[in-house]
Amino acid sequence: MIYLSQLLGNSIYDADGEPIGTVSDLGIATGEVFPRVTSLAFMGPGKTPFMISWRKYVDSFDDHQVQLKVSATDLRFSYLQPSEVLVARDLLDKQIVDTRGMRVVRVNDLKLSDTSSSQLRLLGAEVGVRGLLRSLSPHLESLVSQVARSMGRPIPERIIAWNYMDLIERDLSNVKLSVSHKTLDDMHPADIADIIEQLDPRLRGQVFATLDDEMAAEAMAELDDDEMAAELVGRMEEGAASKVLSEMDPDDAADLVAELDYEKAEKLLRLMGVKEQKAVRQLLGYRENTAGRIMTSEFLAVDEGGTVADATEALAALDEDFESVHYIYLVDEQRHIEGVVTLRQLIVSDPDTKLADLAENDLVTVGPEDDQEDVAETIGKYNLLALPVVDDNERLIGIVTVDDALEVLQEEHEEDLAIMGGQSLGTDEQSDNVLGRLLSNEAWFFLWALALGILAAVTATTMDNTLDGVLLSLGLPLVLRVSGDMVRYVTSFFLEHDPNDEDMPTLAGFTVRGIVSSAVYIGMSYLVMYALASTFVTMTNPVLCMLSWSDGSMGGALLLAFRAAVTCVLATFATAPLYLTYLRRMDEAGEEASGASLRGTAMVLAFLLYLALVLYWGVSA
């Protein structure tokens, strides 16, 4: 086995033993399960690029050199065929869709198999850390692997076989893969949505364009980010975009259309079918975050006087892409809802049975203006698969399905996490305004600036050297940021772990984990800080002497500031159990705790501790 990184840059010798260049790339034939190397690209004398046939001219190779069969004068230039690609140019460092692991990865190296002394085949892509280290230096990869193995944490290879990869970006746009493997069209729409979300923005449209209308619609509905979905639709040709919207469930299409600008939305709606357009416009007429906006108008309603045979016939007449049916709703002539029959009852009952005899008449319903979170909680409370939505006259106008309820609960949970972490979600109007966005999402910036100004002023007036006093304040941003992160760490732990759960980590384990994580982060930061400070002082020593600055004073002030920051960070995470205990006691008492207040308290305490340390150590020095 050999890797591409071990071949690139190797010397090439002709049959006479004369060096003629260095390896720059390999060409492969993509029409095979494990493609064979067909071409050798190299840089010749004067950095002139050459490409020759691998089978015709290569005699042998290893990880140091490539030996040719003929002399340099007998070489003939060859060209890539339509089914060939260059692996370094077209694959290395590119994003690849791993259709087996259902994720997007980046190719760090390529693994090759030498089936004979002169033939090579591509086995797959290395997407792990070892491939990245090997691309930097094989010696570095070997050293890190040995150290990790000695610590009992070996770094495994992460190889994705070629037949489980699907190229997303290639310079040769006419290349078509003809290998037997699971393609995107065979995957679940939710998995395709995950892959699209992982891709670089410029590649998302390329992936989306490979899907048919039905699969594109289903994948679009599974995207978690509505803005991303709107961006994809906005870049599509209007006819294609309207087809995708028509294939989507009305509630999903309405959510997507609501994210588009008015002119674009109107164009797409007019291009949709009359039936689909009417359903989407009806849903858009309701306010956001209400039952009307998340309900679907696709449900099965039959006359209350009908039989099981009538309901079965109506069910069979539905389109293939109709919303999944769990309940059959019974309505009168004015479409007032009178009862509901489950699909199971329909299947096990005699065809001549009256639906009214099977129906449940004690119904739970909601109105289109009811809050979506209340609707979701109602579905969960009564263990429903769908909840009917009725207007003021008790006429059935739609249903809210359990999958939509789960999405609502997930969104509300994320909002709760943000609030507990002291973050403001803001409004759409604020997000379009720079100042509003700064005030809503980065309000702590002003606290940082105020604290930094106070500290700089105090230390500058206290220290003998004014600039030393200013430098001592440079560790404060790290202290304030980590104190806020500590509160988010505590609140996330509190929300995700039930104190009564037997598998929940102990308070001691929670504390140790926080301190260890902060210690590792601080250790790396300390090394970087030390190197930068030492280098800066060394490089600027003549200038410092001209300013009558004592040698090392500037570096000493910087390191003192970082030492104080390290102490504060460790102290901050050591107090994490106190915050966790406070949250639990507030929860037991049935009272609400403000994440913003906790974060502010942690930052103030960290600021006071940092100020005390730099003043004490600064004066002592």
Side-chain angles (χ1 to χ4, degrees), residues 94-99 101-106 166-169 184-185 187-269 271-272 280 283-284 288-289 293-294 372 403-404 406-415 417-418 423-434 437 440-441:
K94 296 295 192 300
Q95 282 191 321
I96 292 290
V97 173
D98 171 15
T99 52
M102 292 177 291
R103 65 189 187 275
V104 175
V105 294
R106 189 170 294 277
D166 201 4
L167 285 177
I168 293 302
E169 181 188 51
L184 287 176
D185 286 332
M187 296 172 66
H188 191 281
D191 295 323
I192 296 177
D194 287 341
I195 284 176
I196 291 175
E197 289 172 343
Q198 297 174 57
L199 287 170
D200 291 336
R202 60 192 179 87
L203 298 181
R204 289 171 186 152
Q206 297 180 29
V207 179
F208 201 74
T210 65
L211 306 174
D212 58 41
D213 291 340
E214 182 178 356
M215 182 63 73
E218 294 178 359
M220 185 76 76
E222 295 291 344
L223 289 174
D224 293 329
D225 191 339
D226 292 336
E227 292 184 2
M228 182 187 298
E231 181 182 354
L232 281 173
V233 170
R235 292 181 178 180
M236 295 175 64
E237 189 269 331
E238 291 177 355
S242 66
K243 289 181 181 178
V244 170
L245 288 174
S246 297
E247 291 286 346
M248 296 175 69
D249 292 335
D251 53 331
D252 293 325
D255 288 339
L256 181 52
V257 170
E259 294 292 332
L260 301 173
D261 63 80
Y262 178 79
E263 184 178 352
K264 180 74 172 181
E266 281 297 317
K267 286 183 179 179
L268 296 183
L269 285 172
L271 290 172
M272 294 173 64
V280 173
L283 296 180
L284 288 173
E288 290 188 12
N289 301 323
R293 282 299 292 270
I294 63 172
Q372 63 177 13
D403 56 329
D404 291 321
L406 289 174
E407 290 181 6
V408 169
L409 293 177
Q410 180 181 359
E411 292 174 0
E412 296 296 336
H413 176 65
E414 292 174 353
E415 290 180 6
L417 285 176
Q423 300 174 358
S424 173
L425 296 177
T427 62
D428 293 339
E429 290 78 9
Q430 286 176 321
S431 64
D432 293 332
N433 182 279
V434 177
R437 186 165 61 250
S440 60
N441 297 327

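- To the nearest 0.5 Å, atom CG of residue D213 and atom CE of residue M248 are 12.5 Å apart.
- Looking at heavy atoms from C-beta onward, L256 lies in side-chain contact with L245 at the 4.5 angstrom threshold.
- Judged purely by atom type and a 3.5 angstrom limit, D249 has no side-chain atom pairing as donor or acceptor with the backbone of D251.
- The line from CD1 of I294 to CD of E288 is 12.5 Å long, rounded to the nearest 0.5 Å.
- Between V280 and L269, the closest side-chain pair of non-hydrogen atoms falls below 4.5 Å.
- Atom CD of E237 is surrounded by more than 12 heavy atoms from other residues, nucleotides or ligands within 6.0 Å.
- With sequence neighbours excluded, the residues satisfying side chain to side chain contact (heavy atoms under 4.5 Å, CB included) with E197 are D194, L223, D224, M228.
- In this structure, the separation between CG on D255 and CD on E259 is 8.0 Å, given to the nearest 0.5 Å.
- Annotation: side chain to side chain donor-acceptor pair (under 3.5 Å) contacts of D404 (sequence neighbours excluded): T401.
- Residues A221 and D252 approach most closely at CB-OD2, 3.6 Å, considering heavy atoms.
- A distance of 10.5 Å separates CD of E266 from CG of D261, quoted to the nearest 0.5 Å.
- Here the closest non-hydrogen pair linking E218 and P189 is OE1-CG, 3.0 Å.
- Classification of K243 and E247 as a salt-bridged pair fails, no side-chain N sitting under 4.0 Å from a carboxylate O.
- Looking at every heavy atom in both residues, S242 comes nearest to M272 through O-CG, 3.9 Å.
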